[in-house]
2 protein chains.
Amino acid sequence: MASAALAFCLSAQAATADLPALMPLPSTVAAGQGDFELAPGFTISYASKPDERLTAAVARTLGRLQFSSGVALATAAVVPSGGSLAITVTGTDAAVQGVDEDESYHLVVSPQGIQLKAASVVGAMHGFETLLQLVAFRDGKAVIAGATIDDEPRFRWRGLMIDVSRHFEPVEAIKRNIDGMALVKLNVFHWHLSDDQGFRAESKRFPKLTELGSHGEYYTQEEMREVVAYARARGIRVVPEFDMPGHTLSWQVAYPELGSSDGPFAMPTTFGVHDEALDPTRESTYKFLDGLVGEMAAIFPDAYFHVGGDESNGKAWLGNPKIVAFMKAHKIKDTEALQVYFNAQLLKIVAKHGKHMIGWDEVFTPGLPKDIVIESWRGVDSLSAAATQGYQGILAAPYYLDGEATAERHFLADPIPADTKLTPDQQKFILGGEVAMWAEQLNEVTIDSRIWPRAAAIAERFWSPQSDRDVASMYKRLWPISLQLETVGLTHISGPQKLRRNLAQSQYPAELETLASVLEPISFGERYHLQRTGTLTPLDRLVDAVVADPPSRFEIGQLVSAALSSGSDAAAAKQALRKRFQSWVDGGPGLETAIASSPRLADAASRAQQLVQLGQAGLQSLDALDGKAAPSGWKDQQTALITEAAKPVALTRFTFLTSLQKLVDAAGGK
Amino acid sequence: MASAALAFCLSAQAATADLPALMPLPSTVAAGQGDFELAPGFTISYASKPDERLTAAVARTLGRLQFSSGVALATAAVVPSGGSLAITVTGTDAAVQGVDEDESYHLVVSPQGIQLKAASVVGAMHGFETLLQLVAFRDGKAVIAGATIDDEPRFRWRGLMIDVSRHFEPVEAIKRNIDGMALVKLNVFHWHLSDDQGFRAESKRFPKLTELGSHGEYYTQEEMREVVAYARARGIRVVPEFDMPGHTLSWQVAYPELGSSDGPFAMPTTFGVHDEALDPTRESTYKFLDGLVGEMAAIFPDAYFHVGGDESNGKAWLGNPKIVAFMKAHKIKDTEALQVYFNAQLLKIVAKHGKHMIGWDEVFTPGLPKDIVIESWRGVDSLSAAATQGYQGILAAPYYLDGEATAERHFLADPIPADTKLTPDQQKFILGGEVAMWAEQLNEVTIDSRIWPRAAAIAERFWSPQSDRDVASMYKRLWPISLQLETVGLTHISGPQKLRRNLAQSQYPAELETLASVLEPISFGERYHLQRTGTLTPLDRLVDAVVADPPSRFEIGQLVSAALSSGSDAAAAKQALRKRFQSWVDGGPGLETAIASSPRLADAASRAQQLVQLGQAGLQSLDALDGKAAPSGWKDQQTALITEAAKPVALTRFTFLTSLQKLVDAAGGK
């Protein structure tokens, strides 16, 4: 590990400095001996007969290459050998992609041509994504930047979980997110298909699950198969999750006999932990699960099957005398032990249908067989504890996007931190990590902007060497990659922009754009606490039209650091800050007008005044730094202003307050 | 007609002045006695048991109402009577919507509630669209503006034709355009499914049509049925077009025996008129057509079937001795007469499968039965000629969107102009009109921005009274409606914006936005001439990222008129113009940098310099108007500058040159 990391430090970071933005960073990169110029006449050759998946991937790659380069390449000819892009796939991919698929690839770009070699089609597809990121414009020409790249993932399991229960997502939204995953080399789509608020997978054996438990919003079996095929075509596995024994209200609405309480049950409009759970004491429950798991196992060919298992609080069990009697008769001491019992039965069912079982932390209980996989929402310590006992694990906790945290914070959280106590052998039990996108506070309009581009920074954490921790480098690459993510169909920039146009009822709402660029949503928890978000809460307000960690936070932070330094760029940084602060002041009147004319913006009224005041504070700070002494009491006033502005308003917070406070402190301290 | 028009002038135009933007304008509107306030607790009632289509339309309406009002309405309860929205549908819709469907509706909004009455579900759905446009914010409250509206369309046939052959459009793109059509009350989706460059409809009888003639891009039969159902759910008919006997190269690639020349044939990469055509002299051709028309007639339930018929130049026929011999033997004097012969056979086939035949102008030839419908790409005179002979017709010529003309020009073109020579009885033969979107120069990324919002202005021409010709009123309503069109899924604003971000490789390309806001594409013909556009031409340049008739043209025109008037708003107009011109000057350096770093923008380099110079010309004009005399020769210099700037560069033209010239003339003339 140490030597690999060192090689990365010496080569990849240095070599990539002259390259276009690569994300995730390859494990090793060596500078090239010259670029390959893209021009009509571009050809492809294959070392051996390509399969259908490979030729489809090549066609997509050429289309995207044409789009990003502006050179007509989409109809490049296939030649017997010596193509501009020569592709060698040495192995044969398994019919169902496994967790141990060889995803490595070797890419050499020189003026003479592009050589791509991989052991699998999946590896080759990763190579195509890197190739697409290497497009550059040099001396007025579109080129693939010269480089030699040897690349393989650090972790085998690099997932994105999407909850489609709390809010449903149409197939198109799923597909474009799969395209985004492929772009940053994520390889597991974890599909959270059921929860209290909706059962989203059509069952022909148990049709009431969607008839009564989905509000009509669900995937047909054909659609699920289509998603599986779409993902496979992009080197991505699909792991379905059916969360049980808790989080099953939608099941119980459909089939009340599954419940631990007397029905009837109703579809909830609230979120959070509901007390209801499947009855683990009845044989009929397991018969039902055998049918359901069997049916779904046939649709999802992946070797893994996720059974959830989280947040079952046992209250419904303790409220049912029959269940209490069962516990007594079977010497089950508490509800946790009852869940162990349930899991043991469930494991048999899952295994019977040829799958490995995965569950959230709660399924990790003493005595469980070693072939289950723990997905940890509790954190790296919980995961390490499982690994020391020989259980495989996946880390999700630090990658919950609904915390609305920064890309930086997610990026720095490591499934195996540098100071891990795990031995190298124990480390092998950590399969990787998963980005988790819970859906209480998003819908199909906003999902992309909640996931991207932050998930790209996490994808780098899962793929690239442990030593890759340069936050400035990460951000510098994140913004261009974010633009590329929109070209594969995601709407994380255009979606919120559209919503802002709609909020302001203006084709070019310049002042609202200025405000929105320095706001971000408060965290899931804060919002939930303030708003009591439920399934019926409209998700079309300012908070839904701004994104976590927009460029402004890091940009202003960098500018303030530079302005306060004695470096050569201090003057330029001050000028850039002055321009920015002035735009806040200038935008004030227009912003107030816009807000006043849209009730859906009404709760943001004070933000308009604050932005003007904060802009003035910034300008005054810069004046003070330039020698115009601030009046007495000024610093305290500005600090009070910043403190006030830090409170959530319109469910949003400003992105730049820490940096502005630094500026005020420096200015007031003179 | 005259009295209806008068009523409209007196009531609708006046009454709508206080209402939110309505488009198309209803035939009669009377001011209301107060608004209906939207609040939770909103209910629905039906006078009689609603059918599935109506309840689905109500559910969509409530979702959109919630989105636009910000009030939680999506789960409004249905009550037995006296609902906040009381819906009465008096008739029963036909299983297949006909051209004579009663589309009228009667809508009364008062503080007590909303009454909607219609003879058909289609009419009710038009009422819902009007209702959605009546949402307003008054005194901080979301309301449906009070009004009494009696509305019905002027024309029965209000179409949008989309060519999916020259460039394919995925089903999603078709669906969102159907949603856009519904919003502005268009009622016929004319699907141009085949042409030289691609046969897009799966045939199970003749599978090679798509296997060899579509580059793999086509609609399955299931998808076509899905589109038909989706359209029906929105009150829209689907008329398929299979263009023949010319424009059939893709057919002949699949089945060379259909051709008039010896094969083999190749899929063309060029546009324009190709010489190839079906062989009209062989029985086997008609046997094939009988099979194909029969198969497609079963998929498309509409009573009409479009057979194209345009631009068949006869060259392939004259080049085939057998065909020439056939003509001689059958006393067919020329190739036009041979097409008449072909059409007569085709008509029998179409009629056999229970359909009325439609064709472009060329099918209008002496002796044809009266139940064919002529769609005119030649113009209103051609259409009137057909009507005087008792043929039904549809006008398409003035509504070709690829001319990149203004919404104003399209809006003012009338299928039955005020000075028509047609008698009232003859006028009845004019069924209506169709917006035509040919696809040589667009793809799935740009199609929405080529169609919308201009098609909304044309939809008003087809729906609203003939007397509705106030261009300023039209534009004032067009921009808010344009925003609403994006909320049903269209991407005509966000799509080009995304492309501009990609072109500039910047998340906020402010200077490119400024330039793009005053540019529009040159016309199809100009672009074709300059670029020789073919199927492989990339459509991802500046010309594809700007739109016809953006707000700037009309806005600057209005401001210049006001500035040059002696009205009270002259000073404000000058100030607004000054701000705009200054932004062009200020943006210059940033724009040059952006263009220099993107090869796909390279051809726009001179536009950056021109924008700065034109901004300076504008500022100097304003200075001169304010009394600062322009130097000698100034006016000639500026005029030369404007003349030079009027030449196409980067396949674009400026939107404001006429207005700027007016300003220069006025300034120089002092």
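Protein chains get the first letters and strands the later ones, always in sequence-line order, with residue 1 at the start of each. Only a predicted model underlies this, so the values are computations on that prediction, with no experimental measurement involved.
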I need the Q66(B) CD to D540(A) CG distance, nearest 0.5 Å. 7.0 Å
Of the backbone (N, CA, C, O) and the side chain (C-beta and beyond), which part of Q497(B) lies under 4.5 Å from a heavy atom of chain A, both, or neither? side chain
Non-hydrogen atoms of chain A under 4.5 Å away: do they reach the side chain of E172(B), the backbone, both or neither? side chain
Between the main-chain N or O of I493(A) and the side-chain N or O of R501(B), is there a donor-acceptor pair closer than 3.5 Å? no
When rounded to the nearest 0.5 angstrom, what distance separates CG in L73(B) from CG in L536(A)? 11.0 Å
Side chain to side chain donor-acceptor pair (under 3.5 Å) with Q582(B): which residues, sequence neighbours excluded? D586(B)
How many angstroms lie between OG in S597(A) and CZ in F137(B), if you round to the nearest 0.5 Å? 9.0 Å
Under 3.5 Å donor-acceptor, K498(B) side chain and T487(A) backbone: no
More than 12 heavy atoms of other residues, nucleotides or ligands under 6.0 Å from CD of Q575(A): is that the case? no
Is L539(B) close to chain A through its backbone or its side chain, or both, or neither, when contacts mean heavy atoms under 4.5 Å? neither
Does NZ or CZ of R600(A) fall inside the cone over F67(B)'s six-membered ring, less than 6.0 Å from its centre and within 45° of the axis? yes
Closest non-hydrogen atoms of P538(B) and G70(A), given as atom of the first, atom of the second and distance, are CG-O, 4.3 Å
Under a 4.5 Å heavy-atom cut-off, does chain A meet the side chain of T269(B), its backbone, both or neither? neither
Name all residues meeting the side chain to side chain contact (heavy atoms under 4.5 Å, CB included) criterion together with P496(B); count only those two or more places apart in sequence or in a different chain, and write none if there are none. S449(B), R500(B), V547(B)
Could you check which of E486(A), Q505(A), K141(A), Q507(A) has the highest count of heavy-atom pairs closer than 4.5 Å to chain B? E486(A)
Which residue out of G216(B), S494(B), P480(B) racks up the most heavy-atom pairs below 4.5 Å with chain A? S494(B)
